[in-house]
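Some notes on the structure that comes next.
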Amino acid sequence: MDSITHIVLGAAVGELVAGKKIGRRSWVAGAFLQSVPDFDFMAGLWCSPAEDLLAHRGFTHSLFFIMVAAPLFSLGITRTKWGNNASAKSWLLFAGIELFIHIFLDGFNAYGTAWLAPFMHHRFTFNVLFVADPFLTFPLLLGLCWLIVSHIKARRTKISLAVVAFCLLYIGYGVTNKLIIESALKRSLAKAGITGYRHIITPTPFNTWLWYFVIERKDDFLTGYRSVFDTTSSIQFTATPKQHEKLSGMFPREDLSHLIRFSNGYYVIQNWQDTLVFNDLRFGRIMGWENPAGRFAFYYYIDQPANNKYLIQRGRVQGWTLQSVNKYVQRVFHEN
């Protein structure tokens with residue numbers, strides 16, 4: 001999730017876990033600990049773009065990291081005047097809870113989280129929340145503001161409980177919406193005679209109403225969009241050839257190996273004029289709800305490795321204007 005959501009949730013959980021012992025300092029400690037796993041962004045200072053994809057949400061988002069970092073934080077903080085009003089055991093529990101919530105919440109995004117690193121490289125993802133969802137973050141932020149101005153301890157506890165409860169309810173709402181989309185997709189695929197497929201369903205930017213799906217077949221992928229507000233049973237599919245054979249003869253290339261592992265096999269190879277491009281399908285198409293055959297949001301120039309900065313970010317909101325935002329909102333709430 002985005003940093004703001006982690007910080008706000010960290011402060012609220014901090015009040016619940018340690019507010020009675022250390023007061024408002026629990027907010028600062030909670031916000032800090034919820035931010036610690038994302039310090040892995042610094043790996044981008046020395047890693048190549050393809051390496052950085054695996055470094056982010058890698059070891060620092062693992063259960064093993066919590067087992068190492070929580071005791072170190074506990075021992076360190078109890079040696080300071082700032083943290084000596086609580087025992088090392090209390091700080092250990094506090095740090096463990098905050099770090100676990102961070103990596104658990106990140107598991108709901110399409111990026112994936114390596115919970116079992118460094119022993120397993122598999123990335124776990126539930127594909128329920130977009131990485132930045134204002135319908136989740138803004139209410140949490142309002143709760144934090146209310147928490148800050150409140151001077152009654154009992155009220156602060158209730159506010160923090162409300163913040164955490166809203167987060168859990170919103171996740172549950174996202175899961176419910178995904179199940180609605182999955183049910184409609186399965187019916188449509190069965191009607192089309194498509195069976196034995198591997199697929200993913202993930203929310204489109206900033207909401208949990210319009211969903212994007214990818215279905216793998218032998219030689220291609222089917223992609224499309226569906227809103228929970230759609231009423232027709234038919235779903236429009238766009239086929240994209242895999243063209244994995246275009247990588248023949250390029251191995252061993254470390255960047256391609258990283259990209260394939262990161263994509264979990266959901267990738268296609270395309271020629272953009274004279275440039276060979278690797279596309280990770282999990283992040284959707286650029287304005288795909290408006291242009292179903294548009295380019296994919298995640299693209300990597302195979303022939304130009306030096307021109308691949310900001311891999312995740314560059315295609316997410318590319319081409320967005322007030323007009324396109326209006327069309328996007330219309331697609332969320334109205335069928336094409």
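If you're wondering where the values come from, they're calculated on a predicted model, not measured in any experiment. Every heavy atom of this structure was used, including side-chain atoms; hydrogens, water molecules and symmetry mates were not.
- A side-chain donor from one of S48 and E51 sits under 3.5 Å from a side-chain acceptor of the other.
- Annotation: cation-pi geometry not satisfied between R316 and F298 (NZ/CZ under 6.0 angstrom from ring centroid, within 45° of ring axis).
- Considering all non-hydrogen atoms of both residues, A184 and I235 come closest at O-CD1, 3.9 Å.
- Atom CE of M250 has more than 12 heavy atoms from other residues, nucleotides or ligands within 6.0 Å.
- By the criterion of side-chain heavy atoms lying less than 4.5 angstrom apart, applied directly or through intervening Ile, Leu, Val, Met, Phe, Trp or Tyr residues, M67 is not grouped with L99; the two fall into different hydrophobic clusters.
- Judged purely by atom type and a 3.5 angstrom limit, D2 uses its side chain to pair as donor or acceptor with the backbone of T5.
- In this structure, the side chains of L92 and F73 stay at 4.5 Å or more apart for every pair of heavy atoms.
- Residues S35 and D38 bring no donor and acceptor atom of their side chains to less than 3.5 Å of each other.
- Clustering ILVMFWY residues whenever any of their side-chain heavy atoms sit less than 4.5 angstrom apart, transitively, puts Y310 in a cluster other than the one holding F278.
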**Request:** List the steps, then state whether ring pair (Phe, Tyr, Trp, His ring centres under 6.0 Å) holds for W211 with Y225.
**Result:** CA-CA 6 Å; W211 295 73; Y225 294 83; over 10 Å; no
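- Environment of CZ in F251: crowded, with over 12 heavy atoms of neighbouring residues, nucleotides or ligands closer than 6.0 Å.
- At a threshold of 4.5 Å between non-hydrogen side-chain atoms, the residues F64 and W115 do not count as touching.
- Sparse packing is recorded around CD of Q323, with 12 or fewer heavy atoms of other residues, nucleotides or ligands lying under 6.0 Å away.
- Proximity of the aromatic rings of F262 and Y111 is defined here by a centroid distance below 6.0 angstrom, and this criterion is met.
- Residues I312 and L53 are in side-chain contact: their nearest non-hydrogen atoms beyond the backbone lie under 4.5 Å apart.
- Proximity of I201 to N127: side-chain heavy atoms (C-beta onward) are nowhere separated by under 4.5 Å.
- The 12-atom threshold is not exceeded at CD1 of I4, counting heavy atoms of other residues, nucleotides or ligands nearer than 6.0 Å.
- The six-membered or imidazole ring of F213 lies near that of F237, with a centre-to-centre distance under 6.0 Å.
- Separating the CD1 atom in I269 from the CD atom in E245 is a distance of 9.0 Å, to the nearest 0.5 Å.
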**Asked** F119 and L63: side-chain contact (heavy atoms from CB on, under 4.5 Å), yes or no, with the steps?
**Response** CA-CA 11 Å; F119 309 107; L63 296 171; over 6 Å; no
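- Counting only distance, with no hydrogens or angles, the side chain of T78 and the backbone of L75 share a donor-acceptor pair below 3.5 Å.
- A tilted orientation is assigned to the rings of Y170 and Y173, their planes being inclined by 30° to 60°.
- In this structure, N279 and W272 have side chains that are in contact, with non-hydrogen atoms separated by less than 4.5 Å.
- Residue-environment remark: CG (L168) exceeds the threshold of 12 foreign heavy atoms within 6.0 Å.
- Between the OG1 atom of T113 and the NE2 atom of H102 there is a distance of 8.0 Å, given to the nearest 0.5 Å.
- The environment of R253 atom CZ is dense: over 12 non-hydrogen atoms of other residues, nucleotides or ligands sit within 6.0 angstrom.
- A ring-centre distance under 6.0 Å is found for H122 and F124.
- In F229, the CZ atom is crowded: over 12 heavy atoms of neighbouring residues, nucleotides or ligands sit closer than 6.0 Å.
- Remark: the backbone N or O of L210 is not paired with any side-chain donor or acceptor of S227 at under 3.5 angstrom.
- The two residues A86 and I22 come nearest to each other via the heavy atoms CB-CG2, 4.3 Å.
- When each of D220, T240, T223 is tested with V268 by the rule side-chain contact (heavy atoms from CB on, under 4.5 Å), just one qualifies, namely T240.
- To the nearest 0.5 angstrom, L141 atom CG is 11.0 Å from L136 atom CG.
- Using a 3.5 Å distance cut-off with no hydrogens or angles, the side chains of R156 and S160 do not pair a donor with an acceptor.
- Both M42 and F65 are members of a single hydrophobic cluster when ILVMFWY side chains are connected at heavy-atom separations under 4.5 Å.
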List the atom pairs, with distances to 0.1 Å, where a side-chain N or O of residues 7-21 and a protein N or O form a donor-acceptor pair under 3.5 Å, not counting sequence neighbours.
| unit_1 | atom_1 | unit_2 | atom_2 | d |
| --- | --- | --- | --- | --- |
| E15 | OE1 | W27 | NE1 | 2.8 |
| K21 | NZ | S90 | OG | 2.8 |

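- The CZ atom of F138 sits 10.0 Å away from atom CG of D133, with the distance rounded to the nearest 0.5 Å.
- Side-chain rings of W209 and F333 approach one another, their centers coming within less than 6.0 Å.
- With no hydrogens or angles considered, no side-chain donor-acceptor pair links R331 and N326 at under 3.5 Å.
- The main-chain N or O of M1 is found under 3.5 Å from a side-chain atom of N109 such that the two form a donor-acceptor pair.
- Shown here for V128 and I171, the closest heavy-atom pair between the two residues is CG1-O, 3.9 Å.
- No side-chain heavy atom of V163 sits less than 4.5 Å from a side-chain heavy atom of L144.
- The environment of CZ in F126 is crowded: more than 12 heavy-atom neighbours from other residues, nucleotides or ligands sit within 6.0 Å.
- When all heavy atoms are compared, the tightest approach of P305 to Y300 is CB-OH, 3.9 Å.
- Cluster membership check: W46 shares its hydrophobic cluster with F59, using side-chain heavy-atom separations under 4.5 Å among Ile, Leu, Val, Met, Phe, Trp and Tyr.
- Atom CD1 of I103 sits about 6.5 Å away from atom OG of S62, to the nearest 0.5 Å.
- Partners of F94 by ring-ring contact (aromatic ring centres under 6.0 Å, His included), not counting sequence neighbours, listed by chain and number: W91.
- Taking all atoms of both residues into account, the shortest heavy-atom contact from Q270 to Q243 is CA-NE2, 4.1 Å.
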**Message:** Is there a side-chain contact (heavy atoms from CB on, under 4.5 Å) between N84 and I77? Walk through the geometry before answering.
**Reply:** CA-CA 7 Å; N84 60 11; I77 195 67; over 6 Å; no
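- Because its NZ or CZ atom is not both nearer than 6.0 Å to the ring centre of Y267 and within 45° of the ring axis, K242 does not count as a cation-pi partner of that residue.
- Under a 4.0 Å N-O distance rule, the pair D106/R57 qualifies as a salt bridge.
- For residues 276-299, the salt bridge (charged side-chain N to carboxylate O under 4.0 Å, His left out) pairs, not counting sequence neighbours, are D280-R282, E290-K327.
- Heavy-atom minimum distance, P134 versus P139: O-CD, 3.6 Å.
- A donor-acceptor pair is defined here as one N or O able to donate and one able to accept, closer than 3.5 Å; such a pair exists between the side chain of T176 and the backbone of G172.
- Two residues are said to be in side-chain contact when any heavy atoms from C-beta on lie closer than 4.5 Å; P205 and W289 meet this criterion.
- Linking Ile, Leu, Val, Met, Phe, Trp and Tyr residues whenever their side-chain heavy atoms come within less than 4.5 Å leaves Y299 and L259 in two separate clusters.
- Between the side chains of H61 and H56, no donor N or O sits under 3.5 Å from an acceptor N or O.
- Side-chain contact between L185 and I215: present, with at least one pair of heavy atoms (C-beta onward) separated by less than 4.5 Å.
- The line from CG of N85 to CZ of R25 is 4.0 Å long, rounded to the nearest 0.5 Å.
- The backbone N or O of L147 sits nowhere less than 3.5 Å from a side-chain atom of S150 that would complete a donor-acceptor pair.
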